[in-house]
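Only one structure is covered here, and it is reproduced in the block below.
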Amino acid sequence: QVQLVESGGGLVQAGGSLRLSCTASGRTFSDYAMSWFRQAPGKEREFVATINWNGGRIYYADSVKGRFTISRDNAKNTVYLQMNSLKPGDAAVYYCAASRFFIATPTPADFESWGQGTQVTVSS
């Protein structure tokens, strides 16, 4: 399995921006499609964005489309999530996940490897 470590979370005011990073180790990073999910207290983990191995295919949840951007740097074994125009409803623990197969609208069950999560808090 690939090991994943997220970073970049924090407290931001509504309308602000954050960039999350997820660095992988243990396997060939470019063999994996990468995704971001989030989970707010009392809610199920939900899909945010996904990117295939070379960045040629990207999909977003409707709730973040136009505000969030997923990207990856295979030379650095890292996937990013640039989050702009943050809203209080974006507050959650954000997780990155890796899969051998690209799925346009994945569910958590599609992923074999997860990071520990990074907290994003948005104040109104």
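Every heavy atom of this structure was used, including side-chain atoms; hydrogens, water molecules and symmetry mates were not. The first residue of the sequence shown is numbered 1, and numbering continues consecutively from there.
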Would Asn84 and Ser17 count as a side chain to side chain donor-acceptor pair (under 3.5 Å) here? Give the steps.
CA-CA 4 Å; Asn84 298 329; Ser17 298; 2.9 Å; yes
Checking Arg45 against Trp114: charged group under 6.0 Å from the ring centre and within 45 degrees of the axis?
yes
Between Tyr80 and Arg72, is there a cation-pi geometry (under 6.0 Å to ring centre, at most 45° from the normal)?
no
Backbone N or O of [Y] within a donor-acceptor pair of the [X] side chain at under 3.5 Å?
X	Y	value
Glu112	Asp110	no
Arg57	Phe102	no
Glu6	Gln116	yes
Thr118	Gly9	yes
Thr28	Ser30	no
Arg67	Ser63	yes

Which heavy atom in Ser124 sits nearest to a heavy atom in Ala14, and how many Å separate them?
CA-CB, 4.3 Å
Nearest heavy-atom contact between Pro106 and Phe111 is CB-CE1, 3.3 Å
Ile51: hydrophobic cluster co-members (side-chain, 4.5 Å):
Val2, Leu4, Val12, Leu18, Leu20, Phe29, Tyr32, Met34, Trp36, Val48, Ile58, Tyr60, Val64, Phe68, Ile70, Val79, Leu81, Met83, Leu86, Tyr94, Val120, Val122
Side-chain heavy-atom pair Tyr59, Ser35 within 4.5 angstrom cut-off
no
Quick one about Asp73 and Thr78 (side-chain donor to acceptor, distance below 3.5 Å, no hydrogens or angles considered), yes or no?
no
Nearest-0.5 Å distance, [atom1] of residue [X] to [atom2] of residue [Y]:
X	Y	atom1	atom2	value
Gln39	Gln119	CD	CD	11.0 Å
Glu44	Glu46	CD	CD	9.5 Å
Ile103	Thr105	CD1	OG1	8.0 Å

Output yes when Asp90 and Lys87 qualify as a salt bridge under the 4.0 Å nitrogen-oxygen rule, no when they do not.
no
